[in-house]
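See below for the structure under consideration.
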Amino acid sequence: DTAVSQTPKYLVTQMGNDKSIKCEQNLGHDTMYWYKQDSKKFLKIMFSYNNKELIINETVPNRFSPKSPDKAHLNLHINSLELGDSAVYFCASSQDEASGGTDTQYFGPGTRLTVL
Amino acid sequence: AQSVAQPEDQVNVAEGNPLTVKCTYSVSGNPYLFWYVQYPNRGLQFLLKYITGDNLVKGSYGFEAEFNKSQTSFHLKKPSALVSDSALYFCAVRANTGGFKTIFGAGTRLFVKA
């Protein structure tokens, strides 16, 4: 049983298109995240939601819009895709220690986005 | 502000030898410290963490890390490296003052040669 799943695994698209990446976790965690990993493997947090509320919103172009329909899902929509958006996007989830968790983040397998 | 530094882009070690992957951090208050490993084309996997207690933390796959408050370091170690340990290792820090932001280091690629 996959703990954190992402779809699609690969996404190849043209500049200017709009695309979405979906993430689901079945761990019962309250917090979910989106990270971007660039070609140099640097991992940068983009967004975090706790109980469907946005709590971290890093300096990310407003073409990126996260949506959390419920606690188990955090989707990422990207408008007007640009070449520089090409990267691997990871979803993760965790449960805060104060809420009975371990603070450990569990990562999805990643979505490799290629913008042509 | 929180920050994490992994000073080595790559660490090379022969199989059977001990390995160390270095990490230093800066955070207000007491830190939550983590090590994660990333194998090719996979997501990050949790290895171990330090929150409080014994400075030597043991984790998965025989790895351990030592928290050193005076040196603000949390180096990852293993007594005897395996070829299968070759991967990308990330150190991460989170302040325990509330909030959910974890900062990851730039990563260190470990290459274990047979």
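Residue numbers start from 1 in every chain, and the chains themselves are labelled A, B, ... in the order their sequence lines are given, proteins ahead of strands.
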Under a 4.5 Å heavy-atom cut-off, does chain A meet the side chain of [X], its backbone, both or neither?
X       : value
B:Gln38 : side chain
B:Asn41 : both
B:Leu44 : both
B:Ile51 : side chain

Evaluate A:Asp96 against B:Arg94 for salt bridge (Lys or Arg N to Asp or Glu O under 4.0 Å), listing each step before the verdict.
CA-CA 11 Å; A:Asp96 190 49; B:Arg94 187 190 126 176; 2.8 Å; yes
Counting only heavy atoms closer than 4.5 Å, note whether [X] contacts chain B via side chain, backbone, both or neither.
X        : result
A:Tyr106 : neither
A:Gln6   : neither
A:Lys44  : neither

Please assess B:Lys77 against B:Glu64 for the test salt bridge (Lys or Arg N to Asp or Glu O under 4.0 Å), listing each intermediate value before the final yes or no.
CA-CA 5 Å; B:Lys77 300 182 180 185; B:Glu64 58 190 28; over 6 Å; no
With no hydrogens and no angle check, is any side-chain donor or acceptor of [X] less than 3.5 Å from a backbone partner on [Y]?
X        : Y       : result
A:Gln95  : A:Asp30 : yes
A:Asp18  : A:Ser80 : yes
B:Lys101 : A:Ile45 : no

Name the option with the most non-hydrogen atom pairs under 4.5 Å to chain B; the candidates are A:Val4, A:Thr102, A:Val88.
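Looking at each of A:Val4, A:Thr102, A:Val88 in turn, A:Thr102 comes out on top.
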Geometric cation-pi criterion, B:Lys49 with B:Phe34: 6.0 Å, 45°
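Cation-pi check for B:Lys49 and B:Phe34: fails.
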